[in-house]
2 protein chains.
Amino acid sequence: MVTIKDVAKATGVAPSTVSRVIANNPRISIMTKEKVRKAMKELGYHPNVSARNLAVKSTKAIGVVLPSSADKALQNPFFPEILRGIGSVTHDMEYSMTLSSGITEEEIFAEVQRMVYGSYVDGIILLYSRLNDRVMNFLHDKNFPYVIVGKPYEDIDEVTHIDNDNFTAGKEITNHLIETGHERIAFIGGSKELFVTMDREAGYQAAVKEAGLKDCEEYKIHTEFLKSGGREAVENLLSLKVRPTGLVISDDLMSLGVLSGLEEAGFSVPHDISLVSFNNVYLSEIIRPSLTTVDIHIHELGAESAKALIEKTIDKSEPAKRITVPHEIVFRNSVSKREAF
Amino acid sequence: MVTIKDVAKATGVAPSTVSRVIANNPRISIMTKEKVRKAMKELGYHPNVSARNLAVKSTKAIGVVLPSSADKALQNPFFPEILRGIGSVTHDMEYSMTLSSGITEEEIFAEVQRMVYGSYVDGIILLYSRLNDRVMNFLHDKNFPYVIVGKPYEDIDEVTHIDNDNFTAGKEITNHLIETGHERIAFIGGSKELFVTMDREAGYQAAVKEAGLKDCEEYKIHTEFLKSGGREAVENLLSLKVRPTGLVISDDLMSLGVLSGLEEAGFSVPHDISLVSFNNVYLSEIIRPSLTTVDIHIHELGAESAKALIEKTIDKSEPAKRITVPHEIVFRNSVSKREAF
DNA sequence: CTGTTAGCGCATTCAG
DNA sequence: CTGAATGCGCTAACAG
């Protein structure tokens with residue numbers, strides 16, 4: 001391994017000088033800089049992170065914590081995509097990204113502790129949010145830089161988070177259904193415990209109310225989309241005396257299950273029933289009918305979270321803030337016009 | 001930050017002793033061990049990785065590089081799943097895992113160089129394999145520990161790789177179709193450049209030949225599944241005078257596209273056409289019809305690769321080897337019996 | 001069984 | 001503008 005000393009020797013300067021040209025210190029003459037750089041290149045010098053980290057007490061690395069992957073939810077294409085978003089900025093800023101690799105909640109917590117106490121990373125991105133989460137509490141207590149993608153359950157204005165305006169998105173997409181003539185619209189969402197679901201549902205409900213449409217409990221379904229993609233949800237809905245003609249579904253992946261269930265039951269989408277959802281993952285484009293869905297800009301969600309976190313690691317006093325990533329509806333083929341009765 | 005010195009002082013021993021109890025060195029009396037451990041707990045001591053890494057010249061970290069994510073392929077649930085597999089062993093062995101975060105090929109290469117030269121990681125897992133890949137060549141030249149998930153294009157018995165027996169898998173799943181009475185079976189695969197595709201196709205072909213069935217070129221289709229999920233593939237196939245009754249598709253995600261295309265064109269699966277594929281990602285279970293597919297044990301693929309790599313980082317002279325992860329067919333509802341004509 | 005010493009590679013005072 | 005000295009926190013001989 002070629003060290004700073006080697007290039008110092010080769011150049012006939014002191015190690016500290018080499019260190020300074022690495023940092024591009026302005027007090028070094030342009031000439032020696034060139035000379036040193038040349039030697040670095042020739043010798044194949046590359047700085048050693050561990051040494052650097054030790055000296056400066058910082059790592060230029062961020063940790064990313066995925067939800068407990070006991071959860072099948074991890075198979076959601078949302079995750080690779082957000083990782084890409086994060087990666088795009090870590091790459092640009094020459095940070096590295098460490099993934100937490102626990103599977104149970106317990107393990108994850110242990111991992112995070114290691115990351116924090118062991119100085120593995122300068123900050124952490126939480127890709128989930130739960131009520132009373134040990135990890136978040138821990139980070140908070142330790143005053144360790146972290147951001148949340150989504151909406152925190154507690155201390156909402158003390159923790160910087162990156163989210164969409166899911167309420168508005170829910171409202172808009174529901175309005176789209178209303179505008180195309182639908183009057184009986186149901187909502188199918190994942191766990192009520194999740195803010196995403198709640199926000200989107202609230203938006204749906206607001207739209208329904210404002211339009212003066214029927215707002216009944218029977219039309220709001222919550223199901224673990226892990227289990228058979230909400231098959232039951234569909235069955236429940238179809239067994240109603242007055243069936244909905246439009247469905248707002250809180251996640252593309254879930255739509256896939258619902259769609260399949262619908263067609264299996266002999267309903268054609270969008271002919272018999274229209275359907276819209278959220279996320280705009282790749283899937284929604286390749287299935288038939290392709291999905292009208294709100295693109296929540298997953299990549300940007302990731303990128304913004306990384307940016308915000310890095311700022312925070314650089315200046316710990318950076319105030320907590322909320323970053324709202326814009327969304328936009330992508331119109332495709334899962335919705336059809338419905339004439340008034 | 002509480003260091004080894006602090007606990008040394010608090011315990012009245014030398015720093016080196018503390019270091020030894022951390023390493024659980026057997027030459028330390030059980031008594032002082034207890035004493036030291038107690039102090040560590042009380043003071044909230046946690047070892048600093050950077051310092052440790054610097055001293056031992058190793059990082060207990062592995063790098064994972066994903067395929068260039070210009071590729072939509074990353075949205076394949078295959079990736080989160082394999083990451084989980086890797087994570088399960090890195091966690092157990094107390095390693096950490098760093099994701100490469102480049103998006104273009106160029107960027108990825110730069111990242112890998114940083115990882116290697118900067119001593120960010122002890123070894124690297126490549127989650128893709130391409131002909132004449134700079135990254136692989138680089139790792140190879142530098143004699144840096146790495147493993148490949150899949151099959152390397154070059155130096156196949158010099159690089160340890162973890163793969164399924166895709167040939168056999170292809171053969172078996174095709175045989176399943178044959179056994180259920182299908183006589184005209186087509187293959188739809190991704191890029192011919194990929195070994196996975198090639199191997200699976202070769203298996204398909206072997207099965208077809210052995211069964212004495214028609215083996216024509218028209219029945220072998222290659223398409224970028226990125227684009228509209230192989231819609232054209234389907235159209236081509238359907239426009240044939242003698243249409244196939246069974247389809248072997250090289251990836252579940254692609255099946256999704258094909259399935260949609262088929263139903264859109266008015267064909268019902270499995271009634272009119274049967275279909276089988278590979279991977280057994282979550283999707284294949286939630287769509288209707290659920291997919292008969294070969295489970296390639298993605299998680300295990302990841303876990304084995306991590307294990308093999310870690311072994312290699314510990315003992316660089318570990319010989320290159322090939323690890324074959326078993327597969328198994330999961331029978332679901334995308335295949336129906338076909339009576340002889 | 002334990003303490004002392006000397007680095008690991010780099011950044012950063014402080015001099016000059 | 002540059003060099004010498006010191007220390008980041010930990011491990012690893014070497015003594016004893």
Side-chain angles (χ1 to χ4, degrees), chain A residues 1-37 39-40 43-61 94 96 114-122 314, chain B residues 1-37 39-40 43-61 94 96 114-122 314:
Chain A
M1 167 171 265
V2 26
T3 81
I4 223 172
K5 279 187 188 165
D6 298 320
V7 348
K9 204 163 297 170
T11 332
V13 301
S16 52
T17 301
V18 178
S19 174
R20 288 190 182 103
V21 345
I22 292 172
N24 199 17
N25 187 314
R27 305 186 316 187
I28 298 290
S29 80
I30 188 87
M31 250 197 55
T32 48
K33 269 188 187 171
E34 305 252 290
K35 201 171 51 174
V36 170
R37 293 211 176 102
M40 294 198 311
L43 297 182
Y45 167 79
H46 290 268
N48 176 303
V49 246
S50 298
R52 177 170 207 289
N53 291 349
L54 184 58
V56 302
K57 290 175 176 313
S58 129
T59 62
K60 296 240 291 177
E94 298 197 283
S96 59
R114 251 190 3 135
M115 284 190 185
V116 172
Y117 285 133
S119 298
Y120 279 82
V121 298
D122 290 344
I314 291 174
Chain B
M1 168 171 264
V2 28
T3 80
I4 223 172
K5 278 187 188 165
D6 298 321
V7 349
K9 203 164 298 171
T11 332
V13 301
S16 54
T17 300
V18 178
S19 174
R20 288 188 183 105
V21 343
I22 293 172
N24 200 15
N25 187 315
R27 304 186 318 187
I28 297 290
S29 81
I30 188 88
M31 250 197 55
T32 49
K33 270 188 186 171
E34 306 251 291
K35 200 171 50 175
V36 170
R37 291 211 175 101
M40 295 198 309
L43 298 183
Y45 167 79
H46 291 269
N48 176 303
V49 245
S50 297
R52 176 167 208 290
N53 291 347
L54 184 58
V56 302
K57 288 172 177 315
S58 128
T59 62
K60 296 241 287 178
E94 298 196 284
S96 60
R114 250 191 2 136
M115 284 189 185
V116 172
Y117 286 134
S119 298
Y120 279 82
V121 298
D122 290 345
I314 291 173

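Chain identifiers are assigned alphabetically (A, B, ...) following the order of the sequence lines, protein sequences preceding nucleic acid strands; residue numbering begins at 1 within each chain.
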Exercise for review: Report the distance from atom CG of Asn48(B) to atom C1' of dC10(D), rounded to the nearest whole Å.
Suggested key: 8 Å

Exercise for review: Rounded to the nearest angstrom, tell me the gap between atom CG in Asn53(B) and atom C1' in dG7(C).
Suggested key: 16 Å

Check your understanding: For Lys57(B) and dT11(D), is the shortest distance between a side-chain N/O and OP1 or OP2 below 4.0 Å?
Key -> no

Check your understanding: Between Met40(A) (CE) and dC10(C) (C1'), how many Å, whole number?
Key -> 13 Å

Point to revise | Lys33(A) NZ - dT2(D) P separation (whole Å) | key: 10 Å

Exercise for review: Find out whether Arg114(A) and Val49(B) are in side-chain contact, i.e. whether some heavy atom of one side chain is under 4.5 Å from a heavy atom of the other.
Suggested key: no

Check your understanding: How would you list, by chain and number, every residue that makes a side chain to side chain contact (heavy atoms under 4.5 Å, CB included) with Val56(A), sequence neighbours excluded?
Key -> Arg52(A), Ser58(A)

Point to revise | Beyond-backbone contact of Asn24(A) with Lys33(A), side-chain heavy atoms, under 4.5 angstrom | key: yes

Exercise for review: Using side chain to side chain contact (heavy atoms under 4.5 Å, CB included) as the criterion, list what pairs up with Ala51(A), not counting sequence neighbours.
Suggested key: Asn48(A), Leu54(B)

Exercise for review: Return the angle between end axes of the helix from dC1(C)-dG16(D) to dG16(C)-dC1(D), with five pairs used per end and rounding to 10°.
Suggested key: 40°

Check your understanding: Among all residues two or more places apart in sequence or in another chain, which pass the side chain to side chain contact (heavy atoms under 4.5 Å, CB included) test with Thr59(B)?
Key -> Asn53(B), Ala61(B), Asp122(B)

Review point. At their closest point, which heavy atom of Ala8(B) faces which heavy atom of Ala14(B), and how far apart are they?
Key: CB-C, 3.9 Å

Point to revise | Stretch residues 2-31 of chain A: residues that reach within less than 4.0 Å of DNA chain D through a heavy atom | key: Gly12(A), Val13(A), Ala14(A), Ser16(A), Thr17(A), Arg20(A), Arg27(A), Ile28(A), Ser29(A)

Review point. In whole angstrom, what separates Leu54(A)'s CG from dC8(D)'s C1'?
Key: 4 Å

Revision key, fill the gap. The residue, Thr32(A) or Ala55(B), whose nearest nucleotide of DNA chain D is more 5′ is Thr32(A)

Check your understanding: Met1(B) versus Asp6(B): any side-chain heavy-atom pair under 4.5 Å?
Key -> no

Study note, to complete from the structure: Distance col, row Glu34(A):CD vs Met31(A):CE, nearest 0.5 angstrom, shows 9.0 Å

Study note, to complete from the structure: Sorted by chain and number, sequence neighbours left out, side chain to side chain contact (heavy atoms under 4.5 Å, CB included) with Ser19(B) holds for Ile4(B)

Review point. Within the pair Tyr117(A) and dG9(D), is there a side-chain N or O less than 4.0 Å away from OP1 or OP2?
Key: no

